[in-house]
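What follows is a single structure, written as structure tokens, with notes after it.
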Amino acid sequence: MEKTVNQKAWFLVLPVLLLVAFSAVIPLMTVVNYSVQDTFGNNQFFWAGLDWFREMLSSDRMWNALGRQLAFSGIILAIEVPLGIFVALNMPKSGFWASLCLVLMSLPLLIPWNVVGTIWQIFGRVDIGLLGYTLHAMGISYNYTQDTLAAWITIVTMDVWHWTSLVALLAYAGLKSIPDAYYQAAKIDQASRWKVFRFIELPKMMGVLMIAILLRFMDSFMIYTEPFVVTGGGPGNATTLLSIDLVKMALGQFDLGPAAAFSIMYFLVILLISWVFYTVMTNLDRKGA
Amino acid sequence: MVDATAQIPGGATAKGQARRSKERINSRAVVMTLYLLFLMLPIYWLLNMSLKTNTEILNTFTLFPRDLTFANYATILNDPAWYMGYVNSLIYVVMNTVISLVVALPAAYAFSRYQFMGDKHLFFWLLTNRMAPPAVFALPFFQLYSSVGLFDTHIAVALAHCLFNVPLAVWILEGFMRGVPKEIDETAYIDGYSFGRFFVKIFMPLIASGIGVAAFFCFMFSWVELLLSRTLTTVDAKPIAAIMTRTQGASGIDWGVLAAAGVLTIVPGALVIYFVRNYIAKGFALGRV
């Protein structure tokens, strides 16, 4: 759509600007402020320059958390994206069953995050949980509070349970926008199922799929509540992801300087990915217009 | 149509195709059943547990409650310490939804209709706030709202959640508004409508579904968030999600009540999900798709 140039439109966005500035810029400035200062209590602050950044960059703690975070995001993407596409391809196209599937699939997306954690915490328990009990009865040793591997499997399965539907719903929306004529043409050419997927469905889905991947990456990158409720970051530090580590540092130990430096570097990564996301979105808009 | 059927060589192939498509439908049903089963099992287990007594939960392993009890729900609904959690959550969630929509509506209109200085940068900046990890903001928010005397009030949580909900609302509404042809605006202005009257009388009814979807998502994201709402409250505005963690008393965890509380937090989402089922993907993808 051709847009008219109108500087007065600023008045319409002003409320948003003020509100988000209040809840984003002021706190962010506080963080920046802390990240360059040191304190010995009594509200006395000293200029510390970039020391905190240097310290954080050379400390194993942040790199380990980042490593675990990347591993987590990578694993869940590798499972959720193919599974989501697969589910979307198998969803009914219309009618009662399509509605039912949509409603049931959306349900996990709308559950409060700590309840998601609680559900899986219970579900995986060996004494009272269906999953833990069943595995135990089958003779598989499974204890997510003691065993690192079990803890990881639990939080990954939980995330797959929680968010695969998002990928599936987006892919489904993409699939539905493909005109019937494409499929008819493929039928006339006697294209195999794989070729239909590879040359018709996948390219047509690419845009929404990019959104789904980026959204899942971002949201998994700042995941906090669900793994925190299930494992509390343990056993040891095995499931201490970035956000969990940051909250531990900032609110648990009140190490303001390092936590702030950590926050800023965290935020810069987010900024970078947001930019990729934005570019994908605007490209998609242009294609749609 | 006659020509089309004639092109399929031989009746046997047609029959084979029919059989294959039937098989495909069956395999689709199997995939969807398995996936939905995977999604529903943990929820079923939570529901199952909420209807049992603690003795039954801990001592026997039953797939269905033997002696069905609603005592766990009664505990929650009769104890102000419990049910006020729901009231608190609802208060700040509704406040947040109203604030977000009121400021986002004009802004989304401006973004969808006009070009103005810095519009793209502003739009991108909003997106970064949707993507910002709450963990980064937890500590600064705590200090900001403490210093202005808003700590442990509903409005503090409502404002804090504006950080990600206002951008979300702006993006979703902009996505819906771009679907409304600009000629409608122009005709209305020629007919002598003022901007305010046009917006309320003509434009808002046109994007009513978009407003509904944006409201739903603001509600949802504020409802499911825990980290910020827990950090910003202690007693008076404590959300249900944070109260749930309190069931870990000295005498062990009250599993039945915990499960019942969990089930009750799923209810609001489950109630309205049917109405937004076709927009779920659009909402999660920030108004695109």
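Proteins come first, then strands; the chains are lettered A, B, ... in the order of their sequence lines, and each starts at number 1.
- Looking at B:F38, the atoms closer than 4.5 Å to chain A (heavy atoms on both sides) sit in the backbone and in the side chain alike.
- A:G129 and B:W45 make their closest contact through CA-NE1, 3.6 Å (heavy atoms, listed as atom of the first residue, atom of the second, distance).
- B:R130 places a side-chain heavy atom less than 4.5 Å from the side chain of A:L215.
- For A:M281, the part lying near chain B is the side chain, with the backbone staying farther off; criterion is any non-hydrogen pair under 4.5 Å.
- Of the atoms belonging to B:L34, not a single heavy atom falls under 4.5 Å from chain A.
- Counting heavy-atom pairs closer than 4.5 Å to chain A, the top-ranked of the candidates B:P133, B:A135, B:A107 is B:P133.
- Listed here is the closest heavy atom pair of A:F228 and B:R230: CE2-NH1, 4.1 Å.
- Contact between A:L169 and B:A281 at its shortest, heavy atoms only, is O-CB, 3.7 Å.
- Proximity to chain A (any heavy atom under 4.5 Å) is shown, for B:S100, by neither the backbone nor the side chain.
- In this structure, A:M91 and B:R28 approach most closely via the heavy-atom pair O-NH1, 3.1 Å.
- In terms of heavy-atom pairs under 4.5 Å with chain A, the best-connected choice from B:A132, B:P268, B:G269, B:G118 is B:A132.
- Contact annotation for B:I280: only side-chain heavy atoms (C-beta onward) come within less than 4.5 Å of a heavy atom of chain A.
- Looking at B:F216, the atoms closer than 4.5 Å to chain A (heavy atoms on both sides) all sit in the side chain, from C-beta outward.
- Only the side chain of B:L63 comes within less than 4.5 Å of a heavy atom of chain A; its backbone N, CA, C and O stay farther away.
- Contact tally against chain A (heavy-atom pairs below 4.5 Å) for B:L105, B:L163, B:L39: the top residue is B:L39.
- From B:L47, atom CG reaches atom CD1 of A:I119 across 10.5 Å, with rounding to the nearest 0.5 Å.
- Heavy atoms of B:I57 lying under 4.5 Å from chain A belong to its backbone as well as its side chain.
- Nearest heavy-atom pair, A:A9 versus B:A110, reported as atom, atom and distance to 0.1 Å: O-CB, 3.8 Å.
- Taking every heavy atom of both residues into account, A:I128 and B:L58 meet most closely at CG2-CD2, 4.0 Å.
- B:F284 touches chain A through backbone and side chain together, each having a heavy atom under 4.5 Å away.
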